[in-house]
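Whatever order the structure lists them in is the order used to number ligands and atoms, beginning at 1.
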Amino acid sequence: MTIKTTTPSSNGIKVLLIYTGGTIGMLENPITKGLEVCDFAYVAEHVQEISQLPFGIDTLTFEPPCDSSDAGTDLWVQIAEMVTKYYDAYDGFVVLHGTDTMAYTASGLSFMFENLGKPIILTGSQVPIGKLRTDGKENLLTALEVAASKDSEGRAAVNEVCILFNNNLIRGNRATKVSADQFNAFQSPNYHNLAEIGIEIDFNHHSMLPHPTSPLTTHTKLDTNVLLLKLFPGLSPEVIDACFNAPGLRGIVLETFGSGNAPSNERFMKVVREAVARDIVIVNVTQCPQGKVQMKRYETGRTLLSAGVLSGYDMTAEAAVAKLMYLLGLLQDSEQVKHYMGVNLRGEFSPF
Ligand code: ASP
């Protein structure tokens, strides 16, 4: 992978634009009519306006670019390694990525970078850049502006992994994809947006993570032996048992009802207790689009708590999965993993 200079800098600021794929760079296959990923030259050709920006932009294309539904955590690692390699050479980073799994990648990256001092802004589009009504051009230009922005002290205006979509600047581990077909595809249901974006970009500095005082550390070891299971009435304990007994399983994110409730019957609870006894870390997040887990509120939640299930507070399922992968990759001792699941590491849950 080689870096290409797309536009030179006239103000000394430089942004690295990493293209991984997604709808933004897709073209319709004339035979199947399905959308297929194209190379970055196709994207650049349709956003000539980037040459008018005062800061410099270099580009890096992942080969082959992919539909993000095909992406695994190896893509997160690749992005993390590239950003780390070029961290000192750029003021900020923009990652073009498919929308389908963007919230997972953003969550993963947020944990993988400790003491991040620069912006990593993920964006993409719902309509390919070559289409007249594309949302890709505006998303890309705004993401670049955000990545190049400085605060009054000359530091990066944003020192977080974020998703920029439809003028919403969202902390990456708070984002979730809420629409398969609207331009307003991402929301942050439990935390403020990090900027008001209109004619001006007004950053909500009070809502952002503090600037780090230690150098960046990148963690690329992830343990993917985790399961995300959404409960529903009638889910059979035998099916749950089979899932919970999958070889190598180390962590489970349980998407429960309401404020963290699950069936309290003995058959279900036995499966949960046995998993906890096998050192599997179980984290409770709500399947409600908004709100938090409060396991002491109902008896059905208390039963989970007494079985050793951890609260995921108001974390998104994406953030809980990514945090588990990160902690299980970092730590062998499941007691330590459990401890850090309850520590707010990157602003992924609200303190209660
Ligand atoms: N399937 C596409 C992807 O995630 C959807 C998109 O980019 O909007 O790569």
Side-chain angles (χ1 to χ4, degrees), residues 1 17-47 50 59-80 82-83 93-110 120-144 146-147 161-170 172-189 224 228 289 316-319 321-322 325:
M1 275 179 279
L17 176 58
I18 300 175
Y19 175 62
T20 71
T23 296
I24 193 161
M26 286 187 186
L27 202 58
E28 194 175 274
N29 180 313
I31 300 161
T32 64
K33 303 289 178 208
L35 289 173
E36 291 174 1
V37 199
C38 293
D39 62 14
F40 182 74
Y42 172 75
V43 179
E45 186 190 318
H46 289 90
V47 202
I50 57 177
T59 57
L60 187 65
T61 302
F62 282 9
E63 293 295 348
C66 71
D67 185 308
S68 77
S69 299
D70 276 329
T73 51
D74 45 344
L75 182 74
W76 308 0
V77 171
Q78 247 186 306
I79 297 169
M82 282 304 145
V83 169
F93 301 83
V94 171
V95 179
L96 292 179
H97 191 289
T99 60
D100 287 346
T101 64
M102 191 186 286
Y104 286 95
T105 304
S107 296
L109 291 173
S110 77
I120 302 176
I121 315 294
L122 278 73
T123 194
S125 71
Q126 293 282 64
V127 176
I129 202 103
K131 296 270 185 189
L132 263 187
R133 292 186 60 250
T134 186
D135 51 331
K137 193 184 275 193
E138 189 179 311
N139 285 346
L140 172 55
L141 291 170
T142 310
L144 286 166
V146 168
V161 177
C162 296
I163 288 183
L164 180 288
F165 216 89
N166 197 44
N167 289 330
N168 292 310
L169 184 67
I170 299 173
N173 55 37
R174 292 295 196 144
T176 193
K177 185 174 178 180
V178 291
S179 178
D181 36 38
Q182 298 296 310
F183 287 147
N184 206 13
F186 288 91
Q187 269 177 22
S188 173
T224 56
L228 170 60
T316 60
E318 295 90 328
V321 166
M325 288 182 181

Inter- and intrachain pairs under ring pair (Phe, Tyr, Trp, His ring centres under 6.0 Å), touching residues 21-43, at least two apart: Y19-F40, Y42-H46

All side-chain hydrogen bond (donor to acceptor under 3.5 Å, both in side chains) counterparts of T59, not counting sequence neighbours: T6

From CZ (F62) to CG (L60), nearest 0.5 Å: 6.0 Å

List below, pair by pair, the N or O atoms of ligand 1 and of the protein that are less than 3.5 Å apart, including the distance to 0.1 Å; reply 'none' if no pair qualifies.
unit_1: ligand 1; atom_1: 1 (N); unit_2: D67; atom_2: OD1; d: 2.9
unit_1: ligand 1; atom_1: 1 (N); unit_2: D67; atom_2: OD2; d: 3.0
unit_1: ligand 1; atom_1: 1 (N); unit_2: D100; atom_2: OD2; d: 2.7
unit_1: ligand 1; atom_1: 4 (O); unit_2: S68; atom_2: OG; d: 2.5
unit_1: ligand 1; atom_1: 4 (O); unit_2: T99; atom_2: N; d: 3.3
unit_1: ligand 1; atom_1: 4 (O); unit_2: D100; atom_2: N; d: 3.0
unit_1: ligand 1; atom_1: 4 (O); unit_2: D100; atom_2: OD2; d: 3.4
unit_1: ligand 1; atom_1: 7 (O); unit_2: T23; atom_2: N; d: 2.8
unit_1: ligand 1; atom_1: 7 (O); unit_2: T23; atom_2: OG1; d: 2.9
unit_1: ligand 1; atom_1: 7 (O); unit_2: T99; atom_2: N; d: 2.9
unit_1: ligand 1; atom_1: 8 (O); unit_2: T23; atom_2: OG1; d: 2.9
unit_1: ligand 1; atom_1: 8 (O); unit_2: T99; atom_2: OG1; d: 2.4
unit_1: ligand 1; atom_1: 8 (O); unit_2: S125; atom_2: O; d: 3.2
unit_1: ligand 1; atom_1: 9 (O); unit_2: D67; atom_2: OD1; d: 3.2
unit_1: ligand 1; atom_1: 9 (O); unit_2: S68; atom_2: N; d: 2.7

Listing, residues 136-143 side-chain donor-acceptor contacts under 3.5 Å, not counting sequence neighbours, or none:
unit_1: K137; atom_1: NZ; unit_2: E49; atom_2: OE2; d: 3.1
unit_1: E138; atom_1: OE2; unit_2: N167; atom_2: ND2; d: 3.2
unit_1: N139; atom_1: OD1; unit_2: N166; atom_2: N; d: 3.0
unit_1: N139; atom_1: ND2; unit_2: G124; atom_2: O; d: 3.0
unit_1: N139; atom_1: ND2; unit_2: D135; atom_2: O; d: 3.3
unit_1: T142; atom_1: OG1; unit_2: E138; atom_2: O; d: 2.8

Side chain to side chain contact (heavy atoms under 4.5 Å, CB included) partner of P128, the single match among L35, L27, T134: L35

K177 atom NZ: more than 12 heavy-atom contacts under 6.0 Å: yes

